[in-house]
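Any value given below was found using the heavy atoms of this structure, including those in side chains, with hydrogens, waters and symmetry copies removed.
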Amino acid sequence: MRGAGEAAGLDLRAISTGRNVFVEYGGRTYEVGEALVGRLEREMRAEPGEDVDGVEDAQELGLDLPSWFPESDTREDSRVGDEDTTRVTGTLDLSAALRGLRRLADSPLGAADPALQELRSLGPKAIARIDRQVSDSRFALEAAKADGTLRRIAAEAKTDEGGTKGSMRFELVLSGVGEEQRIDAPSGGRPIGELLQQFDEDGGPAEAGSRELRTE
């Protein structure tokens, strides 16, 4: 979401080949690397965990998903490209979601999952600060009526960082789902660590105004 007078947004393009991931930003290409991608995949397969297939499964893990999404609406007449879809839109109670994830990190399942350990340091003050900085969080999901596959994800929120107001927006549109894909990936790139170093605790180069993430 951009408006007149706002600073340039955060514009990224991610390309995945299945074995490697590249990120294009600021006219440069950065490479995650096949070795790191492979290691992350092996760690994910080796980590113990449980699949969450619905609200009941989430409740068994101590997650109150309905409280995360206090308002929602469904439309049956939407489209993504040439595909008839069902669209679900609603609001996200960010503080409720963060509190739930914090409790999950403290559970036996969370203790066994290294990916959740960083959430253990997310205390009430930190959650309250995030809640003040991010407001009016909304989302949209669209699934194809023909086979139920996900075709679009979108989210947006307003931000207030030290009196500097702006907005964030994320949108991912999936096309050619189930079809054979040809990916024209870069031949190489700078180490992904160089890109990560550019981002500070306040969100990186885009200091004010809107930030937009474009993933393809």
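- Pairs of residues two or more places apart, or lying in two chains, that qualify as salt bridge (charged side-chain N to carboxylate O under 4.0 Å, His left out) and include a residue from residues 124-137 are D136-R138, D136-K158.
- Checked against side-chain hydrogen bond (donor to acceptor under 3.5 Å, both in side chains), S78 has the following partners two or more places apart in sequence or in another chain: T85, E142.
- Residue pairs meeting the ring-ring contact (aromatic ring centres under 6.0 Å, His included) criterion with at least one partner in residues 125-144, sequence neighbours excluded, are F69-F139.
- Residue pairs meeting the side-chain hydrogen bond (donor to acceptor under 3.5 Å, both in side chains) criterion with at least one member in residues 27-36, sequence neighbours excluded: R19-E34, N20-E31, Y30-Q198.
- Considering only residues two or more places apart in sequence or on other chains, E76 meets the side-chain hydrogen bond (donor to acceptor under 3.5 Å, both in side chains) condition with T86.
- Every residue two or more places apart in sequence or in another chain that forms a side-chain hydrogen bond (donor to acceptor under 3.5 Å, both in side chains) with D184 is listed here: R182.
- For L36, the side-chain contact (heavy atoms from CB on, under 4.5 Å) criterion is met by V32, R39, L40, not counting sequence neighbours.
- Under the rule for a salt bridge (Lys or Arg N to Asp or Glu O under 4.0 Å), the partners of D147 that lie at least two apart in sequence or sit in another chain are R151.
- For the salt bridge (Lys or Arg N to Asp or Glu O under 4.0 Å) test, no residue two or more places apart in sequence or in another chain qualifies with D82.
- Screening residues 141-166 for ring-ring contact (aromatic ring centres under 6.0 Å, His included), with sequence neighbours left out, gives no hits.
- Shown here are the side-chain hydrogen bond (donor to acceptor under 3.5 Å, both in side chains) partners of S67, two or more places apart in sequence or in another chain: D64.
- In terms of the side-chain contact (heavy atoms from CB on, under 4.5 Å) criterion, residue partners of V23 (sequence neighbours excluded) are, by chain and number, L12, I192, L195.
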